[in-house]
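Per chain, numbering begins at 1; letters A, B, ... match sequence-line order.
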Number of protein chains: 2
Amino acid sequence: MSLRHAVLGLLAGGPASGYDLLRTFDLSLANVWPATQSQLYGELGKLEKGGLVAVAAEGPRGRKEYAITDAGRDELHHWLTEVEPTQVRRSDMLLRVFFLDRLERDEALAYLRRQAELAAERHERLVELGRTVAQGDDPLSVYGRIAMEWGLRASATQRAWAEWAQEQLAERQPPAAP
Amino acid sequence: MSLRHAVLGLLAGGPASGYDLLRTFDLSLANVWPATQSQLYGELGKLEKGGLVAVAAEGPRGRKEYAITDAGRDELHHWLTEVEPTQVRRSDMLLRVFFLDRLERDEALAYLRRQAELAAERHERLVELGRTVAQGDDPLSVYGRIAMEWGLRASATQRAWAEWAQEQLAERQPPAAP
DNA sequence: TTTCGACATGTCACTCATGGAATGTCGTCC
DNA sequence: GGACGACATTCCATGAGTGACATGTCGAAA
């Protein structure tokens, strides 16, 4: 439901072709809203049919440059200011936690340890990403950094949680004496 | 992809009908993996066809009580110990952040303020939930509390982030003098 | 000049998820 | 004994996401 708004949001920054958008997705939005070719081109077609975007120019290789229309701008504004974000709830990482008692104690601890590791890796990757890109002062970089900060805090939180959970488990069920 | 494992995980704790599972979902797993009737019954059918669960007994009103099979237990164990959780990435809340420069400053601040509010509400709801249920010492309660702790920390983190982001915005673009 | 990589769009088949509706049964309370 | 709420399953339409495949063009370098 939100891909259309992601497209509108990007086109609000200037006209672009499907191909352009695809690269922008990979570069900046991939972490919060990945999209495949088929989805993107399909969505562009639907948006055009709905009058929210229009073909502004045609280039070589069949390139079609899309531009946002006034109707599209209205829709984007409405989505940004009036539609409540749906909180993400599905997490197979947490789902597994519910079933940790189906495992041996060591296996359960290993699982939590692994989650701490993964969170640490994700954190590291974001720090790295922050060093290489998004140093600019342009709006997308500024807000990109704010979004990235979310990722940094989230991964740190997850790591701390996974370590805390290991302690809980260790305290609760001390291993049998040899 | 994980609904099947959620079902297997629950059935590993004892046989149950689709209806039973549905209620358990609503009570305990709803926060990490919601499921609808149609999905659940569909999944049970597929699992039975695949030999991972079997009808253990039939009751009144067409009730079919399903039990996990050895193959199902193997699959569950495999999923718990060897399959890496897919990190959740889609977030329309963060997607909007990228487009905040399309808004007036006040609108952008209002958006972030609202996200802080929502996080605080979610936190409050979890605290409340923690008071009313999950006081037991049974495995599902214990691990349920660990999962809940994740939610508590995540919502606290999100709130702090949204407040930080407001400050960033306020510092960066001081309102024009009157 | 040919060839190769980047540019560029599009389709298909499949699975997952959502939400709603239809259908019927059992037990209990009045 | 009738009405009602809880129990219980199944079907269907729609839309979103995935991944693979198909097709073709342009520019530059070897």
Side-chain angles (χ1 to χ4, degrees), chain A residues 1-8 10-11 15-27 29-50 53-66 79 83 85-92 95, chain B residues 1-8 10-11 15-27 29-50 53-66 79 83 85-92 95:
Chain A
M1 204 49 176
S2 288
L3 177 59
R4 60 189 303 103
H5 298 108
V7 171
L8 288 174
L10 288 179
L11 288 180
S17 71
Y19 194 79
D20 294 338
L21 293 175
L22 210 53
R23 274 178 314 168
T24 311
F25 262 87
D26 287 347
L27 284 176
L29 302 187
N31 291 298
V32 304
W33 204 276
T36 60
Q37 272 198 350
S38 19
Q39 265 179 290
L40 233 180
Y41 284 110
E43 201 60 52
L44 277 171
K46 281 187 243 166
L47 283 169
E48 194 194 354
K49 204 167 285 179
V53 308
V55 176
E58 307 210 2
R61 283 175 277 224
R63 175 190 174 93
K64 279 185 270 184
E65 205 166 62
Y66 291 94
W79 176 73
V83 181
T86 64
Q87 76 266 42
V88 185
R89 23 226 239 281
R90 273 197 181 80
S91 162
D92 61 335
L95 181 57
Chain B
M1 202 53 173
S2 288
L3 178 59
R4 59 189 303 102
H5 298 108
V7 171
L8 286 174
L10 289 179
L11 288 180
S17 70
Y19 194 80
D20 293 338
L21 292 176
L22 211 54
R23 273 180 314 167
T24 311
F25 262 87
D26 287 347
L27 284 176
L29 302 187
N31 291 299
V32 303
W33 205 274
T36 59
Q37 273 197 349
S38 17
Q39 266 179 286
L40 233 181
Y41 284 109
E43 202 59 53
L44 277 172
K46 280 186 243 167
L47 284 169
E48 194 193 355
K49 205 166 285 179
V53 307
V55 176
E58 307 210 1
R61 280 174 279 225
R63 174 192 177 91
K64 279 185 272 185
E65 205 166 63
Y66 290 93
W79 177 73
V83 182
T86 64
Q87 76 266 41
V88 184
R89 26 223 239 281
R90 272 197 182 82
S91 161
D92 61 334
L95 181 58

**Message:** Can you tell me how far apart CG (B:Leu10) and NE2 (B:His5) are? Round to the nearest 0.5 Å.
**Reply:** 13.0 Å
**Asked** How would you label the contact of B:Arg23 with the nucleic acid (heavy atoms, under 4.0 Å): base, sugar-phosphate, or nothing?
**Response** sugar-phosphate
**Item:** Toward the 5' end of DNA chain D, by each residue's nearest nucleotide, B:Leu22 or A:Ala35
**Value:** B:Leu22
**Request:** Round to the nearest Å and state the distance from B:Arg4 atom CZ to C:dC16 atom P.
**Result:** 8 Å
**Request:** Quickly work out the A:Tyr19 OH to C:dG10 C1' distance and round it to whole Å.
**Result:** 15 Å
**Among A:Glu48, A:Lys49, A:Glu43, side-chain contact (heavy atoms from CB on, under 4.5 Å) partner for A:Lys46** = A:Glu43
**Prompt:** Which nucleotide sits closest to the side chain of B:Lys64: C:dG10, D:dT10, C:dA6?
**Reply:** D:dT10
**Asked** Please give, in whole Å, the distance from D:dG17 P to A:Glu43 CD?
**Response** 8 Å
Between the protein and nucleotides 25-27 of chain D, which nitrogen or oxygen pairs come in under 3.5 angstrom?
| residue | atom | partner | partner atom | Å |
| --- | --- | --- | --- | --- |
| D:dC26 | O2 | A:Arg61 | NH1 | 3.2 |

**Asked** Hey, does B:Arg90 reach any base, or is it just sugar-phosphate, or nothing, if we go heavy atoms under 4.0 Å?
**Response** sugar-phosphate
**Prompt:** So how far is it from B:Gln37 CD to B:Leu21 CG, rounded to the nearest 0.5 Å?
**Reply:** 12.0 Å
**Message:** Please report the distance, rounded to the nearest Å, between NE2 in B:His5 and P in C:dC16.
**Reply:** 11 Å
**Fill in**
dist A:Leu47:CG -> A:Leu8:CG (nearest 0.5 Å) comes out at 5.0 Å
**Message:** Any non-hydrogen side-chain atom of A:Leu29 less than 4.5 Å from a side-chain atom of A:Thr24?
**Reply:** no
**Prompt:** Under 4.0 angstrom, heavy atoms only, what part of the nucleic acid is B:Ser38 near: base, sugar-phosphate, or nothing?
**Reply:** base
**Atom pair CG/CG of A:Asn31 and B:Leu95 - distance to nearest 0.5 Å** = 12.0 Å
**Message:** In this structure, how many angstroms lie between the C1' atom of D:dG17 and the CG atom of A:Leu3, rounded?
**Reply:** 10 Å
**Message:** Is A:Lys46 close enough to D:dA16 that one of its side-chain N or O atoms is under 4.0 Å from OP1 or OP2 there?
**Reply:** yes
**side-chain N/O B:Gln37 vs D:dA8 OP1/OP2, d < 4.0 Å** = no
**Asked** Between atom CG in B:Leu47 and atom P in C:dC16, what is the gap in whole Å?
**Response** 11 Å
**Message:** Just the rounded figure in Å: distance from C1' of C:dC14 to CD of A:Gln39.
**Reply:** 14 Å
**Message:** Below the 4.0 Å mark, does D:dT10 have OP1 or OP2 next to a side-chain nitrogen or oxygen of B:Tyr41?
**Reply:** no
**Item:** Check: A:Ser17 main-chain N/O paired with A:Asp20 side-chain donor or acceptor under 3.5 Å
**Value:** yes
**Request:** Measure from CZ on B:Phe25 to P on C:dA17 and round the result to the nearest Å.
**Result:** 10 Å
**Message:** Please confirm whether the shortest side-chain N or O distance from B:Arg63 to OP1 or OP2 of D:dA6 is below 4.0 Å.
**Reply:** no
